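Quick notes on the structure that follows.
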Amino acid sequence: MARTDLPSIRHSLVDQVVSIYLDRLAQKRSVRPFERMAINAFGATIADDLAIKLMTPENLSVPLKSGTVRNAAENITFGTMSSLAELDISNIFVFAGRITLVEPLEFALRLGESQDAGTVSMHLYGTTWKLSGIALPPEVLANLADRLPTR
């Protein structure tokens with residue numbers, strides 16, 4: 001947890017959940033700009049609560065070790081993603097191909113072979129790298145969005 005930027009991870013998770021929620025609403029009906037703005041503002045508080053539950057030390061370490069995204073307190077599993085522990089770094093060229101430069105001091109690392117495998121972002125803070133974001137696979141995001149109210 002000491003090498004984790006919790007506010008950045010929370011922001012990352014909230015943005016993803018609100019985005020998938022808006023996409024789901026748009027599939028059912030047209031979402032007006034004012035409604036979209038309201039969902040971004042007020043829906044973020046609901047998604048923020050969900051993100052905080054996912055950011056406990058136990059819940060945050062599990063996806064990185066085993067790939068399971070879950071809320072241990074409520075014993076709910078949202079799905080799986082490729083884990084950081086399973087990342088094969090023996091082939092440096094394949095490993096390097098999974099790295100994307102986000103900013104001069106931040107990079108994203110795709111955890112699996114497919115684009116939908118999930119990614120982690122690392123940001124340089126002083127002289128050390130910190131986990132600054134987790135991009136969840138679409139299936140996991142869909143399961144998280146299912147937990148949000150629809151009305």
Side-chain angles (χ1 to χ4, degrees), residues 1-28 31-87 95 97-112 114-151:
M1 292 305 282
R3 298 184 101 179
T4 305
D5 182 1
L6 292 175
S8 293
I9 290 179
R10 187 181 77 239
H11 182 71
S12 164
L13 291 172
V14 167
D15 285 351
Q16 292 174 70
V17 171
V18 168
S19 177
I20 194 82
Y21 184 73
L22 284 169
D23 289 346
R24 283 199 169 179
L25 281 180
Q27 289 174 356
K28 295 178 184 174
V31 179
R32 295 181 304 268
F34 181 74
E35 186 180 19
R36 183 174 293 277
M37 185 179 67
I39 290 171
N40 276 322
F42 300 115
T45 59
I46 296 169
D48 192 47
D49 182 51
L50 184 59
I52 288 170
K53 289 178 182 177
L54 292 175
M55 290 177 28
T56 64
E58 181 183 354
N59 290 340
L60 201 54
S61 66
V62 171
L64 300 176
K65 291 179 184 175
S66 71
T68 303
V69 179
R70 63 188 312 260
N71 178 347
E74 297 176 11
N75 200 20
I76 300 170
T77 301
F78 298 107
T80 60
M81 60 188 278
S82 298
S83 74
L84 189 59
E86 295 171 357
L87 191 62
F95 179 73
R98 293 183 180 185
I99 296 174
T100 305
L101 188 64
V102 177
E103 294 177 358
L105 299 177
E106 183 176 2
F107 69 90
L109 175 63
R110 189 170 27 95
L111 297 174
S114 74
Q115 293 294 330
D116 294 338
T119 62
V120 293
S121 296
M122 304 293 287
H123 191 91
L124 185 63
Y125 287 91
T127 59
T128 186
W129 291 95
K130 281 191 170 186
L131 180 67
S132 61
I134 298 175
L136 298 171
E139 310 86 47
V140 174
L141 283 173
N143 291 336
L144 284 169
D146 288 343
R147 306 275 306 158
L148 299 175
T150 56
R151 291 187 179 257

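Computed from a prediction, not measured in an experiment: that's the story for all the values here.
- Among residues two or more places apart in sequence or in another chain, the side-chain hydrogen bond (donor to acceptor under 3.5 Å, both in side chains) test is passed with Ser8 by Asp5.
- Closest of all the heavy-atom pairs between Glu106 and Ser121 is OE2-CB, 3.5 Å.
- Scored by the side-chain hydrogen bond (donor to acceptor under 3.5 Å, both in side chains) test, Thr127 finds no partners at all (sequence neighbours excluded).
- Side-chain contact between Met81 and Ile134 is present, with heavy atoms from C-beta onward closer than 4.5 Å.
- Using a 4.5 Å cut-off on side-chain heavy atoms (C-beta onward), Gln16 and Ser12 make contact.
- In terms of the side-chain contact (heavy atoms from CB on, under 4.5 Å) criterion, residue partners of Asp116 (sequence neighbours excluded) are, by chain and number, Ser114, Pro138.
- Within the 4.5 Å cutoff, the side chain of Leu131 has heavy atoms near those of the Met122 side chain.
- Under the side-chain hydrogen bond (donor to acceptor under 3.5 Å, both in side chains) criterion, Arg10 pairs with Asp48, not counting sequence neighbours.
- Here Arg32 pairs with nothing under the side-chain hydrogen bond (donor to acceptor under 3.5 Å, both in side chains) rule; sequence neighbours left out.
- Taking Leu109 as the reference, Leu84, Leu87, Phe95, Arg98, Ile99, Phe107, Val120 meet the side-chain contact (heavy atoms from CB on, under 4.5 Å) condition, with sequence neighbours excluded.
- Every residue meeting the ring pair (Phe, Tyr, Trp, His ring centres under 6.0 Å) condition with Tyr125, not counting sequence neighbours, appears here in chain and number order: His123.
- Taking every heavy atom of both residues into account, Pro137 and Ala117 meet most closely at CG-O, 3.7 Å.
- Qualifying side-chain contact (heavy atoms from CB on, under 4.5 Å) partners for Ile20, counting only residues two or more places apart in sequence or in other chains: Leu141, Ala145.
- By the ring pair (Phe, Tyr, Trp, His ring centres under 6.0 Å) test, Phe78 is found to be paired with no residue, residues two or more places apart in sequence or in another chain being considered.
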